[in-house]
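These notes are about the structure you will find just below.
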Amino acid sequence: MLNYLLKIGSLLRGKQKNFRSSENPPPLTGKDILGPGLQHNLELLRGLLGDNPDFIFREFLIGNSLHAALIFLDGMADKTTVNESILQPLMYDSRLVASRHSTANADIETLDKTLLAVGEVIKSSHLSEIVRGCLSGKTILLIDGCSQAVIVNTQGWETRSITEPMTEAVVRGPREGFTENLRSNTTMLRRKIKNPALTLETVTLGRESRTDLCIAYIKGVANPKLIREIRYRLQRIDTDAILESGYIEQFIEDNPYSPFSSVGNSEKPDVVAAKILEGRAAIFTDGSPFVLTVPMLFIEGFQSSEDYYSRPFYASIVRLLRFLAFFISTLSPALYVALSTFHQELIPTALLLTMASAREGVPFPAVVEALIMGVIFEILREAGVRLPRPVGQAISIVGALVIGDAAVSAGLIGAPMVIVVALTAIASFVIPSHTDIQSILRFLILIFASVLGIFGISIAILLIMIHLCSLRSFGAPYLSPLSPLSPGDLKDTFIRAPLWAMSLRPRTIGWKSPRRQKYLLRPRTPPDLEKERDSTS
Amino acid sequence: MLEKGKISAVQLAYVVFILITSLSVIFVPAQPAKHLAWLALLGALGEGLLFFYVCTTLAQKFPDKTLIGINDAVFGPLLGKLVSLAFLWYFIQIASYNLRAIADFFATLFPETPIVVFLLFLVLTSASAVRNGIEVIARCSVLIVPLLIFNYLFDDILLIKDMDFSSLLPLGDVPLTDFLKSVHAINSVQYGETVVLLMVYPFLSNIKKARVSVAAFIIAAALMAGSAARNTAVLGSLGPITTYTTFQTIRVINIGEFLTRLEILIAVAFIFMAFIKISVFYYASVLGLAQLLKLRTYLPLVLPSAVLITVFSIINFTSAIEAMHFTSETYPYYSLPFQIGLPLFTLVIAKVRGLPGKKKGLSP
Amino acid sequence: MNTLLRYAALTAAIFLILSASAGCWSRRELNDISIVAGTALDKTNDPDIFRITAQIIRPANIGTPGRGSGRGQEKVFLNVSETGTETFEIIRKMARKVSRRLYWSHNEALIIGEALAREGVRKHLDFFYRDNETRLNVMVFVARGEAANTLSPSAQLESIPAYDLYRLSKIQAVNSLSPNVDLRDFLQTLLSKTTSAVLPVIELIEQEGETGLAITGAVAFKGDKIIGELTPDEIRGYLWITNKVQSGIILIDCPAGEGAASLEIIRSSASITPEIKDGILQFTVKVREEGLLGSQNCPLDLTEPETWSALEKKQRDAIYKEISLALKKAQELNTDIFGFGNKVYRRYPSVWKNIEQDWDSIFPGLEVTIEIQSRLRRSGEITRTIVPE
C-alpha cells in the first residue's frame with residue numbers, strides 16, 4: 001500500500017531530466033597535457049585556474065640556471081612543507097649537487113630522487129590530474145624544458161581536533177570521534193584493528209567535489225559478494241558533489257521508499273571497528289565524520305556500544321528498556337486515542353472517571369488533540385536543536401511546562417493527553433538512531449487508530465510488519481535474527497549475553513568465518529588458586 | 001517458478017501453527033460435544049495428522065510441483081486443470097469465510113460500523129503481504145507466534161482462580177455420534193485446511209523436512225484443548241449459549257481489580273492470526289491461478305482477487321448466525337473431498353500410474 | 001502517463017472509500033458517553049411493565065481531589081428511570097432523558113426489587129449478557145422494597161453509591177454472613193434445571209438522620225423467583241456447604257457460662273460428595289476449618305489445654321448447627337441451593353438422567369451426613385485475658 005502512495009508522488013513530480021549546466025567550463029579530458037616550455041605551461045595553468053588570488057605561482061631557479069615554478073593553493077598546502085621540504089632543498093641544496101645531465105627529464109629524475117624531501121610524489125603531464133591535485137592541496141612543480149610536472153603531496157589544512165562526538169555520548173567507553181579528515185579517520189580505524197587484512201579501497205566520487213571515499217573491510221571475514229556489490233553501487237553514482245556521507249547513503253541504500261534506513265552510520269571508531277569485525281564493511285567519506293556501515297539490521301538501532309562495555313545483567317535490562325521505550329514512543333498516543341474513543345470498556349473504572357472529568361469542556365476530539373500535541377512536540381524538538389546554547393535550555397524546560405500547563409488550564413488539551421505526549425517524547429530519545437522512524441510510525445499508527453480503534457492499530461502494526469519483513473539490506477534480511485529466526489543470534493537481541501558466550505559472529509553477516517573467539521571463555525577461578533586461598537584463610 | 005523465495009521447514013511449522021489455531025480463538029464448532037470440547041480437539045488431532053500425512057506424501061512424490069503441477073501430471077492436462085480450478089475455488093472460499101468470520105467478530109465490538117470497512121482493511125493488508133510473496137508471510141508468522149503462545153499461557157494462568165473443574169465432568173455423558181461429529185467438524189475447520197500447503201511445499205528449502213510441522217500440530221492441539229477446557233471450567237453452563245466463548249472467558253479475568261479488561265489481547269491476537277490465514281489462502285489461489293494461466297508473475301491478479309474475496313465474504317452469508325451454522329453443519333461435508341478425498345485419490349492414481357517416472361534420477 | 005493515471009485513479013478510489021468510512025460510526029468520545037454505574041429493576045403496578053433505573057456518573061463533578069469534594073454540593077451521579085416491557089427497549093427509551101449515550105461496560109451493581117424478584121426475574125436479564133458492552137462480573141442484589149431507592153442513599157463512603165455497593169459486597173467476605181453473587185454465577189443457576197441461587201438483600205437504613213446502604217440478609221430462589229428468606233445462621237450454613245466461607249466470627253459461650261468468645265475463621269474448605277448406597281442416594285458434606293481465638297469477654301483463661309479442647313468442640317458444634325439449619329431450610333423450601341443435583345450429574349450421569357425430573361420430590365428427603373474437622377490454631381497476641389491472676 002505504501003508503494004502506491006509513493007509511486008504517485010514520484011510520478012507527480014515528473015521524470016528527472018539529466019541536464020548539464022552550460023555555464024561550467026568544459027571538463028578537462030586526459031588529452032590536455034603540458035608542453036616543454038615553462039612559460040607555456042604557466043600560461044596554460046593560469047588560464048585554467050582563473051583569477052583566484054589563493055593560487056600562488058612561485059617562480060625560482062634551481063641550481064644556477066634551471067627555471068622552475070611552484071603552484072599551490074594557499075590554505076590547503078602546508079606552508080611549512082612547501083617552504084622547507086621543496087623550496088629550500090631546490091633553491092639552496094641544489095647548488096651543492098652538480099648538474100651532470102643535460103636533458104630536463106633526467107633532471108627531474110635527479111631532483112625527485114635526491115632533492116625533494118617529501119614522502120609522496122607523483123609525476124604527470126595530464127592537465128586534469130595536475131589541476132585536480134592542485135585543488136586538493138598538492139603542490140605542482142614545473143621545470144623548464146620538462147613536459148612532466150611533479151605533483152607533491154603537501155596537504156595540510158585546519159581540521160577539527162578529535163573530540164567527543166555530540167550525537168553518541170556514552171558513559172563508559174572511548175570518547176574519540178571521527179573528524180572530517182579522511183586520513184585521520186582511517187588512521188583511527190587502523191589503530192583499532194591492527195590486521196594487514198584490513199583493506200582500504202579508495203574511490204573518488206562527485207564531479208565537482210572529487211570527494212575521496214574509502215571502503216574498509218577485513219578480507220576473509222567480509223563476504224566478497226558484499227564488497228563487489230558496494231563497489232558496483234558506488235561506481236554507479238554520477239553526481240555533482242558528495243558533501244556528506246548522507247549523500248552516499250541515499251544513493252546506495254536498498255529501500256529508498258521506506259522510512260527504515262538500511263545503511264547504518266556512526267561517529268565513533270570503536271563502533272565502526274566492532275562492526276567491521278563482525279563482517280560488515282564501512283564507507284569513509286572525506287569531509288564527514290559519519291562513517292557508513294553496511295549491511296545494517298533493524299536490531300542495530302537498539303544496540304549501543306555501551307552495552308558491550310558494561311556487565312551483562314544491567315546491559316540486558318537496559319536493552320529491554322530500549323525495546324519498551326520504542327513501543328511506548330510509537331504506540332502511546334495511538335493507544336490513548338483508541339482506548340478513550342472506541343474502547344472505554346478497557347479502561348479501569350477509576351481511571352476512566354478521571355479521564356472523563358479531565359475531558360469535560362475540551363473542544364477537540366481526542367484524535368485532534370493527539371495530532372496537535374504531536375506536531376507541537378516535533379516543532380519543539382526541532383527548534384531545540386537549533387536554539388543557541390545559552391537560551392536553549394531555559395526555553396525548552398520552562399516553555400514546555402508553561403505551555404503544557406497553560407493549555408490544560410485554558411481547556412484546550414486534556415491533562416492526560418499532555419502526560420501521554422510527554423511520556424512519548426522522553427521515550428523517543430532513548431533510541432537516537434530511530435527517532436525519525438518513531439515519529440513517522442507514530443503518526444501513521446495514530447491515523448489508523450483514529451479510524452478504527454484497536455483494530456486500526458493492529459492493521460497498522462501488520463502493515464509495518466509486512467514492510468519490515470520484506471526489507472533486505474545488501475542481502476541480509478532486515479529483521480534477522482528475529483525473522484528468519486536464528487536462535488544463536490538471539491543472544492544479542494533482547495538481552496546481551498555475556499561476552500564469553502558470544503563466540504560466533506551473527507549468521508547473516510559473518511557467516512563466511514563464523515568463529516570469532518574461543519569457546520568456553522567463561523571466567524573461573526583456577527583450582528590451584530582456590531586451594532591456595534583456602535589454605536591461607 | 002513464479003515465486004523466488006524460499007522458506008525453511010521451521011518457518012513452515014510456524015505458519016502451520018497459525019493456520020491450525022486461527023479460528024479456534026473465537027469459535028470452535030464443537031457444539032454437540034458440549035463440555036467435552038477439549039477432548040474433541042484432541043481427537044481431531046488424530047484425524048488431522050492423518051490428512052497431513054497424505055498431503056505430505058503427495059508433496060514429497062512431486063518435490064518441485066505445486067498442487068497445480070501435481071494435478072496436471074497425475075490427471076492429464078484437461079482433467080488436471082479442472083481439478084485445480086476446483087481447488088482454487090475452494091481456497092478462495094476459505095479465504096472469504098475467514099475474512100467474514102473475523103469481520104463478524106469485530107462487528108460485534110463496533111456495532112455501527114459497516115462490515116465492509118473491516119473487510120477492506122483486512123483484505124488490503126493481506127494483498128500487500130501476498131504481493132511480497134510467501135517469504136514475507138512466513139517471516140511475519142515467525143514474529144506473531146510467540147505473541148500467541150504467550151497469550152494462551154498468560155490467560156490460562158490468570159484464570160486459574162476462576163476455574164471450576166467440576167464443569168469438565170462427567171466424561172461419558174455425550175453420545176458417541178455427537179462426539180464424532182464434533183471431532184470431524186473441528187478437524188475440517190482447523191487441521192484439514194493445511195491441504196493448502198500443497199501449493200507451498202515446493203518453496204521449502206528441503207522438502208524432506210516438511211513433516212517437522214507435526215510438532216506444530218501437537219503444540220497447537222495442546223494449547224487449543226487447554227483453552228477449551230479453560231473456557232468450560234470458567235463459563236460452566238453458560239458456555240454453550242455463548243457465541244464467542246474465549247472472548248467472554250477472558251472478560252472474566254480480574255486479578256486484584258488491576259489486571260482486568262484484558263480481552264483486547266485476544267482480539268488483537270485474532271487479527272494477526274486471521275491475517276496470516278487469509279494471506280496464505282489468498283496467496284495460494286493467486287499463485288495457482290497464475291500457474292494455470294501460465295503467467296509470468298501473479299502480481300496483476302492480486303487486486304482483482306481481493307475484490308473477489310471481499311465480495312464473496314459479503315454474499316456468502318446473510319448473517320453471522322448463518323455463518324456459524326454453516327461452519328458446524330455443512331462445511332465438514334463440503335470440505336471432505338478437498339481435504340482428503342482429492343489428495344488421497346491423487347496419491348492413489350499417482351501410485352498406480354507409477355508417477356513420477358524414473359527419469360534422470362529425479363525420483364524423490 | 002498511463003501508469004500515472006492508473007495509480008492516481010486507484011489511489012483516489014481507495015482514499016474516497018476510506019475517508020468516507022473514517023470512523024464516523026463507532027467512535028465515541030469520552031464526553032459523548034454517560035457511564036452507568038448501577039442498575040435497578042423494579043416492578044410497577046402494571047403487570048407487563050417494569051422499571052429500570054440507571055445510575056449515571058457526572059464526570060464534571062468528580063473533579064480533582066481537594067476541589068469541590070464537599071458533601072451536599074453538586075451530586076456526582078444522576079439516577080434516570082424509565083418503564084417499558086422489554087429491557088433493551090427501556091434502556092433505549094432513556095435516551096429521551098439523557099443527553100449522552102448510555103455506556104454499560106462499567107456497570108458494577110445490578111439490584112432487583114423484591115417484588116419483581118418474587119414474580120420471576122429471568123426474562124429481564126437477557127440484555128445483560130447478550131449486549132457486547134455488558135460484562136459478567138456485575139454483582140447482583142435483591143433490594144427490600146423498591147430497588148430504585150437503594151440507588152440514592154444520602155450518605156456513603158464513595159461518591160457513587162453503586163460502586164460503593166460493589167465494594168460493600170466484596171468486603172462482606174470478612175463476615176461470610178451474606179453471599180457474593182456475580183452475574184456469571186447467577187446466570188448459571190438460571191440455566192440449570194435444579195440448582196437455584198441465594199442473593200444478598202440490601203436496604204436503606206437510617207444513620208444519624210441520613211440514609212445509608214446496608215446488606216442485611218439473603219433470600220433463596222427457586223428457579224428465578226424468590227421463595228424464602230434465610231436467617232444469618234442459615235446463610236452461613238449455606239456458605240459453609242458451598243465452600244464460600246472466607247472469614248467470619250463464630251460466637252460461642254464460654255465454658256463456665258460467664259460470657260462469650262469470638263472465634264475467627266481463618267480458612268475453610270468444603271466438599272459435597274454424592275454416594276449411592278443400596279440404591280439410595282446419600283450426600284456427605286465435609287467441611288475443614290481452621291480458626292483462632294479472636295477476643296473474649298469472660299474472665300477465664302481459655303488457653304488452658306482442657307478449656308481449649310472444649311472451645312474446639314463448641315466451635316465444631318456451632319458449625320454443625322449452622323449447616324444443619326441451612327439444610328433444613330433448603331429442604332423445607334424445596335430448593336436445591338447447594339447444587340446437589342449438579343454433583344449427582346457429574347458423578348453418576350446415567351442415574352441423573354433418570355431422576356432429574358423427580359428432583360423436586362427427592363430433594364426434601366435427602367439424607368446428608370455432615371463431617372466437620374475444625375481446629376483452633378492460635379490465640380493471638382496474648383494467652384490469658386486481661387484479668388488479675
Side-chain angles (χ1 to χ4, degrees), chain B residues 34-36 105-121 123-124 127 162 164-175 232 234-244 247-257 260-263 267 300 303-304 306-307 310, chain C residues 6-7 10 13-14 17-28 101 105-106 108 126 129-139 163 166-167 170 182-195 242-243 271-274 339 342-353:
Chain B
K34 286 189 255 180
H35 54 263
L36 291 183
F105 175 66
F106 272 94
T108 55
L109 294 183
F110 297 86
E112 298 90 355
T113 314
I115 204 167
V116 163
V117 175
F118 297 110
L119 296 176
L120 268 184
F121 270 108
V123 98
L124 288 178
D162 288 302
D164 177 20
F165 288 103
S166 65
S167 309
L168 293 170
L169 301 169
L171 283 179
D173 189 34
V174 178
T232 319
V234 169
L235 289 182
S237 43
L238 288 176
I241 66 173
T242 315
T243 340
Y244 300 117
F247 190 66
Q248 285 293 352
T249 312
I250 307 287
R251 272 188 155 178
V252 171
I253 297 183
N254 188 345
I255 308 275
E257 302 290 335
T260 176
R261 304 175 189 275
L262 290 176
E263 64 260 22
L303 274 187
V307 175
T310 316
Chain C
R6 190 152 37 103
Y7 276 124
L10 189 62
I14 293 181
I17 296 178
L18 280 182
S19 62
S21 65
C24 294
W25 290 283
S26 296
R27 212 176 86 195
R28 312 174 282 255
R101 188 181 172 297
S105 291
H106 291 82
E108 286 182 9
D126 182 273
Y129 191 29
R130 197 181 286 273
D131 192 74
N132 71 312
E133 282 177 16
T134 53
R135 305 177 73 90
L136 282 178
N137 39 16
V138 186
M139 289 294 184
Y163 293 153
Y166 178 79
R167 292 212 152 118
K170 289 243 154 146
D182 64 12
L183 193 63
R184 178 166 60 117
D185 301 332
F186 190 44
L187 289 182
Q188 282 191 26
T189 64
L190 289 182
L191 271 177
S192 157
K193 290 194 203 133
T194 52
T195 316
T242 50
N243 196 16
S271 64
I272 307 173
T273 328
N342 213 5
K343 293 282 178 189
V344 176
Y345 167 61
R346 302 287 175 201
R347 193 148 179 223
Y348 304 107
S350 36
V351 174
W352 181 245
K353 253 204 291 267

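Note on naming: letters A, B, ... go to the chains in the order of the sequence lines (proteins, then strands), and numbering restarts at 1 for each one.
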- prompt: So, C:Arg184 side chain and B:Val234 main chain: donor-acceptor pair closer than 3.5 Å or not?
  reply: yes
- prompt: If only atom types and distance count, is the side chain of C:Arg135 paired as donor or acceptor with the main-chain N or O of B:Arg251 below 3.5 Å?
  reply: yes
message: Using 0.5 Å steps for rounding, measure from the CG atom of C:Leu136 to the OG1 atom of B:Thr242.
response: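 Rounded to the nearest 0.5 Å, the CG-OG1 separation comes out at 7.5 Å.
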Spacing of B:Leu238 atom CG and C:Phe186 atom CZ [to the nearest 0.5 Å]: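 The distance works out to 12.0 Å.
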query: Which atom names give the shortest non-hydrogen contact between C:Asn132 and B:Thr108, and what distance separates them?
result: ND2-O, 2.7 Å
[X] versus chain B, heavy atoms under 4.5 Å apart: side chain, backbone, both or neither?
X: C:Asn137; result: side chain
X: C:Leu187; result: both
X: C:Ser105; result: both
X: C:Tyr348; result: neither

B:Leu235 versus chain C, the contacting section by heavy-atom distance below 4.5 Å: both
